[in-house]
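Sharing a structure here in structure tokens format.
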Protein chains: 2
Amino acid sequence: MLELAVLGLLKEHDLHGYELRKRLGDLLGTGAAVSFGSLYPALSKLEAAGAIRVVTPPGNAGGHSATMAGRVPGRKRKVYGITTAGSALFQQLLTERRSAPLDERSFSLRLAFASYLSPELRLGLLERRRTLLAERLAELAATTGKPRGNRYVQLLAERERDSLSRDLSWLDRLITDERAMGRLAVHN
Amino acid sequence: MLELAVLGLLKEHDLHGYELRKRLGDLLGTGAAVSFGSLYPALSKLEAAGAIRVVTPPGNAGGHSATMAGRVPGRKRKVYGITTAGSALFQQLLTERRSAPLDERSFSLRLAFASYLSPELRLGLLERRRTLLAERLAELAATTGKPRGNRYVQLLAERERDSLSRDLSWLDRLITDERAMGRLAVHN
DNA sequence: GTCATCATGTAAGCCGTTACATGATTGC
DNA sequence: GCAATCATGTAACGGCTTACATGATGAC
């Protein structure tokens, strides 16, 4: 999870840990920032595995001149870049349907990087998620027959039903779009 | 989390582990069933703490005559019941605003047991959740200004925005209802 | 008699967290 | 000079999962 996210972000820019954390924050939905206690060890591990490497020397690699104006620290920050092996690992982690349970987090993360997937795999991702949600909705509908315990449990069940329906529609729209783009590509 | 859920379910019925797992499944949203590998140790721990106890002797305590018709196993199943100490622990865990981060799971679980809360605490729970979501939405809106990376990240951000707005409305409705019920109670 | 399901449990491990420790840089 | 923020890291622990091991019961 974390590794996939890190590799994905490093594919766009070279970044140091502290900055990576921020990006992870708004990539995985606001408020879901990972802690340094998991980020730094993960970076060490990826570096040891040869998936990323320190590219500190080149100076202010990921610089955003707006806020960090004249900043040329060069020494304490460890700016990481992705290696060829890292790109391969990224593809593997992204594709890997072994981690298919496709919970919300996992799905969102993969979709965020969907541009790195082939149209087929991308469509597959959306369809598997669709199937999962459809199953849940069916289960929920089955359970809804018998009146559940208290008022609040019922409210929660209703809310989940609505939420699932909406997500299904959303996915259907995305799937339609993907198919349309596929056809366009073929016709060009 | 798990302990709170177990205690809450045992407040309604005496249950054995296997059955508890099923109930947990549709309490925490379908598909989110906990594993036995975490459930049984949790039960042992709660028993050791005196929060629950085995009430096996009375026989088929939580029985559902429909499917389990003439079943009188009596021996291998360990049916648990909640103790007075357990009820106290339940209240403590449920109230405890220390675990306030109020993520989706935590909030849903607490709301499911909201009937065990005083009207004030119940309202507090809803309002804290509301505040959290409102903050996230504000953050998201701030970030949405600058055009984000790729198409899919944008789609995800849009979806989250919609989802947050809907949840906010839902919470607002619940909050209004709670207040209305509070006034009614006062007037009666 | 054998297979699916019910039922309980242990061991190892994953993936993250909080809390702690350290120190450089910048703004005032 | 001092506080806030930037920046990196370690240690301990939490809560859950998977995989493994065992065995009873009921259906066919």
Side-chain angles (χ1 to χ4, degrees), chain A residues 1-6 14-25 28 31-48 52 54 56 60-64 67-80 93 96 98-103 105-106 109, chain B residues 1-6 14-25 28 31-48 52 54 56 59-64 66-80 93 98-101 103 105-106 109:
Chain A
M1 275 274 45
L2 220 190
E3 299 195 352
L4 175 59
V6 166
D14 289 354
L15 290 167
H16 60 274
Y18 198 87
E19 176 74 15
L20 249 165
R21 191 181 103 113
K22 284 191 215 155
R23 304 294 187 93
L24 285 171
L28 314 175
V34 300
S35 67
F36 291 123
S38 53
L39 178 57
Y40 287 119
L43 288 173
S44 304
K45 197 187 151 201
L46 284 172
E47 191 184 7
I52 64 179
V54 179
T56 289
N60 203 346
H64 296 292
T67 38
M68 308 230 179
R71 205 122 171 271
V72 193
R75 47 181 162 158
K76 200 163 196 312
R77 279 148 71 144
K78 283 175 74 176
V79 177
Y80 289 97
L93 290 176
E96 197 160 59
R98 184 204 53 152
S99 66
L102 276 190
D103 56 295
R105 293 273 288 220
S106 179
L109 185 58
Chain B
M1 275 276 43
L2 219 191
E3 299 195 353
L4 175 60
V6 165
D14 289 353
L15 290 168
H16 59 275
Y18 198 87
E19 177 74 15
L20 250 164
R21 191 181 103 114
K22 283 191 216 154
R23 304 292 188 95
L24 285 171
L28 314 174
V34 300
S35 67
F36 291 121
S38 54
L39 178 56
Y40 287 119
L43 288 173
S44 304
K45 196 187 152 200
L46 285 172
E47 191 185 7
I52 62 178
V54 178
T56 289
N60 202 346
H64 296 292
T67 37
M68 308 227 180
R71 202 116 174 277
V72 192
R75 48 182 160 156
K76 200 163 196 311
R77 280 147 71 146
K78 283 176 74 175
V79 177
Y80 289 98
L93 290 176
R98 183 205 54 153
S99 65
D103 55 295
R105 293 274 288 220
S106 180
L109 185 59

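Given the structure is predicted, the values throughout are model-derived calculations rather than measurements. Just the heavy atoms: all of them, side chains too, but no hydrogens, waters or symmetry mates, feed the values below.
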Open item on the list: If I take atom CZ in residue B:Arg77 and atom P in nucleotide C:dG9, what distance separates them, rounded to the nearest angstrom?
Closed with: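 So the two atoms are 14 Å apart, to the nearest Å.
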- [ ] Give, for atom CG of A:Leu20 and atom NZ of A:Lys78, the distance between the pair rounded to the nearest 0.5 Å.
- [x]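 NZ of A:Lys78 is found 12.5 Å from CG of A:Leu20.
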- [ ] For A:His16 and D:dA7, give me the distance from atom NE2 to atom C1', rounded to whole Å.
- [x]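 Taking atom C1' of D:dA7 as the reference, NE2 of A:His16 is at 7 Å.
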Task: Considering all heavy atoms, the nearest B:Leu46-B:Glu3 contact - done: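 Closest approach of B:Leu46 to B:Glu3, heavy atoms only: CD2-OE1, 3.8 Å.
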Open item on the list: With rounding to the nearest 0.5 angstrom, report the CG to CG distance, A:Leu109 to A:Leu4.
Closed with: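 CG of A:Leu4 is found 4.5 Å from CG of A:Leu109.
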Task: Nearest-neighbour nucleotide for the B:Leu2 side chain, D:dC16, C:dT8, D:dT8 considered - done: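 Looking only at heavy atoms from C-beta outward on B:Leu2, the closest nucleotide is D:dC16.
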Task: Terminal axes of the helix from C:dG1-D:dC28 to C:dC28-D:dG1 (five pairs each): angle between them, nearest 10 degrees - done: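 The angle separating the two end axes equals 30°.
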Task: N/O (side chain, B:Lys76) to phosphate O (OP1/OP2, D:dT22) under 4.0 Å - done: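 For D:dT22, neither OP1 nor OP2 has a side-chain N or O of B:Lys76 closer than 4.0 Å.
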TODO: Specify the residues of residues 35-45 of chain A, ordered by number, for which at least one heavy atom lies under 4.0 angstrom from an atom of DNA chain C.
DONE: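 Those residues whose heavy atoms fall under 4.0 Å from DNA chain C, taken from residues 35-45 of chain A in numerical order, are A:Ser35, A:Gly37, A:Ser38.
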- [ ] Report the distance from atom CZ of B:Arg21 to atom P of C:dC6, rounded to the nearest whole Å.
- [x]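 So the CZ-P distance, B:Arg21 to C:dC6, works out to 10 Å.
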Task: Pairing of A:Arg77 and A:Glu19 as salt bridge, 4.0 angstrom limit - done: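 Salt bridge between A:Arg77 and A:Glu19, a charged N being under 4.0 Å from a carboxylate O: no.
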Open item on the list: Contact between A:Tyr80 and A:Leu15 at the side-chain level, heavy atoms closer than 4.5 Å - yes or no?
Closed with: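 In short, these two side chains do not touch, never coming nearer than 4.5 Å.
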TODO: Could you tell me the separation between the OH atom of A:Tyr18 and the P atom of D:dG9, rounded to a whole number of Å?
DONE: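 Distance, rounded to whole Å: 14 Å.
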Task: Protein-nucleotide distance (B:Leu46, atom CG; D:dG15, atom C1'), rounded to Å - done: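 After rounding, the gap between these two atoms is 14 Å.
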Task: Closest to side chain of A:Val34, choosing from D:dT8, D:dG9, C:dT17 - done: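 So the side chain of A:Val34 is nearest to C:dT17.
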Task: By side chain to side chain contact (heavy atoms under 4.5 Å, CB included) - contacts of B:Ser38 (at least two apart) - done: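 B:Ser38 satisfies side chain to side chain contact (heavy atoms under 4.5 Å, CB included) with B:Leu2, B:Val34, B:Ser35 once adjacent residues are dropped.
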TODO: Would you mind reading off the distance between B:Leu4 atom CG and D:dC16 atom C1', rounded to a whole angstrom?
DONE: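 After rounding, the gap between these two atoms is 16 Å.
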- [ ] Round to the nearest Å and state the distance from A:Lys78 atom NZ to C:dA24 atom P.
- [x]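 It is 16 Å, rounded to the nearest whole Å.
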Task: A:Gly17 to A:Leu43 - nearest heavy-atom pair and separation - done: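 Here A:Gly17 and A:Leu43 meet closest at CA-CD1, 3.9 Å.
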Task: Length of the line joining B:Leu93:CG and D:dG15:P, which is rounded to integer Å - done: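 Interatomic distance, CG of B:Leu93 to P of D:dG15: 11 Å.
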- [ ] Please name the pair of heavy atoms, one in A:Tyr18 and one in A:Tyr40, separated by the smallest distance, quoted to 0.1 Å.
- [x]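 Looking at all heavy atoms of both residues, the shortest contact is N-OH, 3.6 Å.
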